[in-house]
Amino acid sequence: MRVLGLIPARGGSKGVPRKNIKLLAGKPLLAYTAEAALNAQRLARVILSTDDKEIAEVGQGYGIEVPFLRPAELAHDKSPTLPVVQHALRFLEEQGDRFDAVCLLQPTNPLRRAADIDACLELMDASVEEGSAADAVISVLAVPAEHNPHWVYFRDADGSLRLSTGGASPIPRRQDLPAAFHREGSVYVTRRDVVMNDNSLYGTRVIGYEIDPSRSVNIDNLEDWERAEKLARSPWKQAKAAAKAASKP
């Protein structure tokens, strides 16, 4: 399976201005995703989709291809992701380069590893071999028991509550709750035909890949940035401490 690695990074950002090239623990936010994508073994090509020349230059400096500048109409605050992915695939196909699937890697999730990307692609391949091909593989996190759909209620207009599952009553014991997951955001792998023909990043059969919660952060605001900064510096601190300990007689 030939897979395109696609990194979307527009210039505008309100929560954290210019966040895609803002320095996180000493290097641009974009660099973390670039390095993970380029170190992944299963991506045939990695490109950057941006409307911003400065971001394009930073991306190129970290080894990412920038075959086009994204049209302005696909770079607004409310621009959905799907048309951005379709634009990239369509552009490359017009250049004669076609892929079986696309792997969407958002810079705002900087701590995913190359191994996470490859693991998602392995799950996609395995689903084919098992005879029940997945339309998409996405990174997920487990939902805490208190947020499980079997314990979550919606409030109707009259003030009454109803279970999100549609059930008559909640499952009484935590131990009996089925495992539940929520979309994590680090990796999305979708078959090309699902994206282009079905206009979806998910299709009808989705497989989840669990990300280690200690490496999961999605940067939308300054609080998220501060948490990401601490997480990004943690491996560096550990390596420094280990080196210091090893140097002692």
Review point. Partners of Asp52 by salt bridge (charged side-chain N to carboxylate O under 4.0 Å, His left out), sequence neighbours excluded?
Key: Arg18

Practice item. Look at the side-chain heavy atoms of Ile, Leu, Val, Met, Phe, Trp and Tyr, link any pair under 4.5 Å apart, and say whether Leu105 and Val3 land in one connected group. Key: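 Yes; tracing contacts between hydrophobic side chains, which count when under 4.5 Å, links both residues.
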
Remaining members of hydrophobic cluster (4.5 Å side-chain criterion), [X]:
X      : value
Leu177 : Trp151, Ile171
Leu163 : Tyr153, Leu161
Val128 : none
Leu23  : none

Exercise for review: Would you kindly check if the NZ (Lys) or CZ (Arg) of Lys22 is within the cone defined by 45 degrees around the ring axis of Trp225 and under 6.0 Å from the six-membered ring centre?
Suggested key: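 Geometry flag: set, cation within 6.0 Å and 45°.
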
Side chain to side chain donor-acceptor pair (under 3.5 Å) against [X], all qualifying residues, sequence neighbours excluded:
X      : value
Thr190 : none
Arg112 : Thr33
Asp77  : Arg10, Lys14
Arg215 : Asp116

Practice item. Not counting sequence neighbours, list each pair that qualifies as a salt bridge (Lys or Arg N to Asp or Glu O under 4.0 Å) and has a residue in residues 181-191. Key: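 Those involving residues 181-191 do not exist here.
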
**Study point:** Sequence-distant partners of Phe91, ring-ring contact (aromatic ring centres under 6.0 Å, His included), two or more places apart
**Key:** Phe68

Exercise for review: With sequence neighbours excluded, give me every side chain to side chain donor-acceptor pair (under 3.5 Å) pair touching residues 84-99.
Suggested key: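 Listed once each, the pairs are Arg2-Asp97, Arg45-Asp97, Gln86-Asn199, Glu93-Arg192.
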
Check your understanding: Can Ser200 and Asp198 be counted as having a side-chain donor-acceptor contact under 3.5 angstrom?
Key ->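 There is no such pair (donor and acceptor under 3.5 Å, judged by atom type) between the side chains of Ser200 and Asp198.
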
Exercise for review: Decide yes or no on salt bridge (Lys or Arg N to Asp or Glu O under 4.0 Å) for Lys27 and Glu35, but give the supporting numbers first.
Suggested key: CA-CA 11 Å; Lys27 62 184 178 182; Glu35 291 169 355; 2.8 Å; yes

Check your understanding: OH of Tyr32 to OH of Tyr62: how many Å apart, nearest 0.5 Å?
Key -> 8.5 Å

Review point. Where do Glu229 and Arg233 land on the salt bridge (Lys or Arg N to Asp or Glu O under 4.0 Å) test, with the steps shown first?
Key: CA-CA 6 Å; Glu229 185 87 28; Arg233 289 188 181 279; 2.9 Å; yes

